[in-house]
Q: 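Got a structure for you, questions after.
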There are 2 protein chains.
Amino acid sequence: MKTRDKILLASLELFNGRGERNITTNHIAAHLAISPGNLYYHFRNKSDIIYEIFLEYEKLVDFYLDIPEERPISLEDLTFYLESVFDGLWSYRFFHRDLEYLLDSDRRLRQDYREFTNRCLDAISRIFEKLADAGIIQPQPDELRSAMSLNVWLVITNWMAFLKTAHALEESTSLTLTELKQGIYQVLTLEIPYLTESYREQVMALREKYRPRLPESVEMTGSAGG
Amino acid sequence: MKTRDKILLASLELFNGRGERNITTNHIAAHLAISPGNLYYHFRNKSDIIYEIFLEYEKLVDFYLDIPEERPISLEDLTFYLESVFDGLWSYRFFHRDLEYLLDSDRRLRQDYREFTNRCLDAISRIFEKLADAGIIQPQPDELRSAMSLNVWLVITNWMAFLKTAHALEESTSLTLTELKQGIYQVLTLEIPYLTESYREQVMALREKYRPRLPESVEMTGSAGG
DNA sequence: CTATTATTAGAGTATATACTCTAGTGAGTC
DNA sequence: GACTCACTAGAGTATATACTCTAATAATAG
């Protein structure tokens with residue numbers, strides 16, 4: 001593998017593991033056992049590394065969220081969309097963590113991310129539309145559909161932060177992909193009231209699959225013995 | 001005003017304005033025209049400053065979210081809760097921005113914040129319960145109510161980040177409290193399907209008040225002509 | 001006044017951070 | 001062998017960051 005690609009891969013790994021803020025270019029170089037100079041031969045600066053990683057992320061999500069225009073969508077499609085989006089979120093999880101700082105430091109990234117967000121919101125909205133076409137949910141007026149799409153987006157993008165901050169586990173215990181996907185449970189919760197009678201049971205069963213196994217994950221001051 | 005309080009106030013102001021990550025203790029001291037040594041006489045380190053600011057924030061929100069046990073709650077109460085929570089979020093808006101890093105750097109803060117989150121979730125859940133008691137929304141089974149409360153929390157705490165990142169405006173144009181409160185529109189969107197017939201119109205009218213005035217705020221690549 | 005305590009200034013420090021500069025190496029080409 | 005060119009090493013640098021130290025000043029108590 002080319003050094004350039006190794007740098008991108010190692011950066012992503014380190015960023016995901018310890019947060020972009022805690023990882024310096026020297027860390028990345030040391031992790032790969034290359035010199036800082038070598039790293040800076042391949043990338044002008046840290047921002048450029050992050051930007052390229054974002055482009056990968058963007059490409060991945062855009063690929064997943066390519067909603068077919070002709071054919072109707074099914075419950076399987078919905079499952080695929082949700083699973084894929086959370087997979088993407090997991091693979092590039094450092095990104096949303098320091099999002100505001102990253103966007104403040106890089107104009108290109110800021111602009112691209114804004115467009116990316118809007119594409120995602122459109123995709124979510126189209127999914128709602130097609131779910132209604134397929135008779136899975138009741139059709140909604142445009143305005144409600146956009147507001148709901150936005151709520152879905154907020155839940156999806158904030159789910160990981162919630163887990164990491166409100167989680168009962170200590171910092172050492174890292175998150176698992178399974179826990180992350182409990183976000184799907186939350187997203188499906190948003191759709192419950194709009195389900196049609198004919199699909200209600202199926203969707204509720206799907207949702208049940210993602211239900212948090214250990215309720216203690218959001219446990220409070222609760223009994224220590226638990 | 002005592003130097004100690006001035007430090008807390010200036011820190012909050014600077015953190016809110018430019019992000020905790022971009023503000024050093026030296027910045028804070030310079031802003032107040034005091035010496036770094038003076039600052040460190042009053043606070044052991046930067047974390048301690050942040051921790052004390054969090055305690056204020058916590059106190060404020062706990063005060064607002066003190067749900068009365070005896071009397072039923074009204075729509076006015078709901079409005080008050082929403083307005084207050086977003087006011088709090090606004091006043092301490094730096095906090096959620098760098099949340100993960102802050103919690104990673106300070107165990108006390110991590111623990112306290114976790115409990116704080118759980119108290120908030122409980123409060124939201126109790127509000128739902130009492131809204132149902134008051135006949136404003138339909139009663140929900142416990143499990144659905146917790147999942148919905150969590151969604152409300154996710155929307156509330158992520159709303160600001162969304163505005164700052166997806167906003168069409170440039171970085172220089174700062175957020176206004178009015179824009180922030182459009183988050184109330186999003187929260188009320190979550191409740192729409194559960195409204196009772198007798199209150200539907202009133203709540204929809206309330207929601208309308210917070211509707212984003214300029215739809216361009218979430219505008220996409222849309223027609224340049226506007 | 002004297003002694004004590006709270007507060008402040010301001011220079012200083014160890015470390016980190018993002019990044020630069022010079023000097024190469026090794027594979028291929030003519 | 002001379003030359004190019006992608007790639008790499010490693011020491012070095014300017015600046016920033018969080019924080020410390022010493023000494024001085026203001027406030028207060030006896």
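Just the heavy atoms: all of them, side chains too, but no hydrogens, waters or symmetry mates, feed the values below. Order of the sequence lines sets the chain letters (A, B, ...), proteins ahead of strands, with each chain counted from 1.
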Q: For T24(B), is there any backbone N or O sitting under 3.5 Å from a side-chain donor or acceptor partner on H27(B)?
A: yes
Q: Taking NZ, NE, NH1 and NH2 as the nitrogens, is one of them in E208(B) or R211(B) under 4.0 Å from a carboxylate oxygen of the other?
A: yes
Q: Under a 4.0 Å threshold between the charged nitrogen and the carboxylate oxygen, would R97(A) count as salt-bridged to E20(A)?
A: no
Q: Can you tell me which residue among Y113(B), F15(B), F116(B) is in a ring-ring contact (aromatic ring centres under 6.0 Å, His included) with F95(B)?
A: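 It is Y113(B); the other options fail the test.
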Q: Taking ring-ring contact (aromatic ring centres under 6.0 Å, His included) as the definition, give me every residue that meets it alongside Y41(A), ordered by chain and number, with sequence neighbours left out.
A: none
Q: What's the CG-P distance between D5(A) and dT8(D), to the nearest Å?
A: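 It is 11 Å, rounded to the nearest whole Å.
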Q: Would you check if there is a donor-acceptor pair between the side chains of D98(B) and Y101(A) at a distance under 3.5 Å?
A: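 Their side chains do not contain a donor-acceptor pair, so the 3.5 Å distance test is not met.
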Q: Are Q111(A) and R108(A) close enough that a side-chain donor and a side-chain acceptor fall under 3.5 Å?
A: no
Q: Starting from C1' on dC5(D), measure out to NE2 on H42(A) and report it in whole angstrom.
A: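 Nearest whole value for this atom pair: 13 Å.
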Q: Going 5' to 3' along DNA chain C, which nucleotides are the first and last within contact of chain B (any atom under 4.0 Å from a heavy atom)?
A: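 Contact boundaries, 5' end first: dA6(C) to dG10(C).
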Q: Please give me every residue in residues 18-41 of chain B whose heavy atoms get under 4.0 Å of an atom in DNA chain D, ordered by residue number.
A: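 Correct list: T24(B), T25(B), N26(B), P36(B), G37(B), Y40(B).
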Q: Salt bridge check: are R119(B) and D122(B) linked by an N-O gap of less than 4.0 Å?
A: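 No, this pair does not count.
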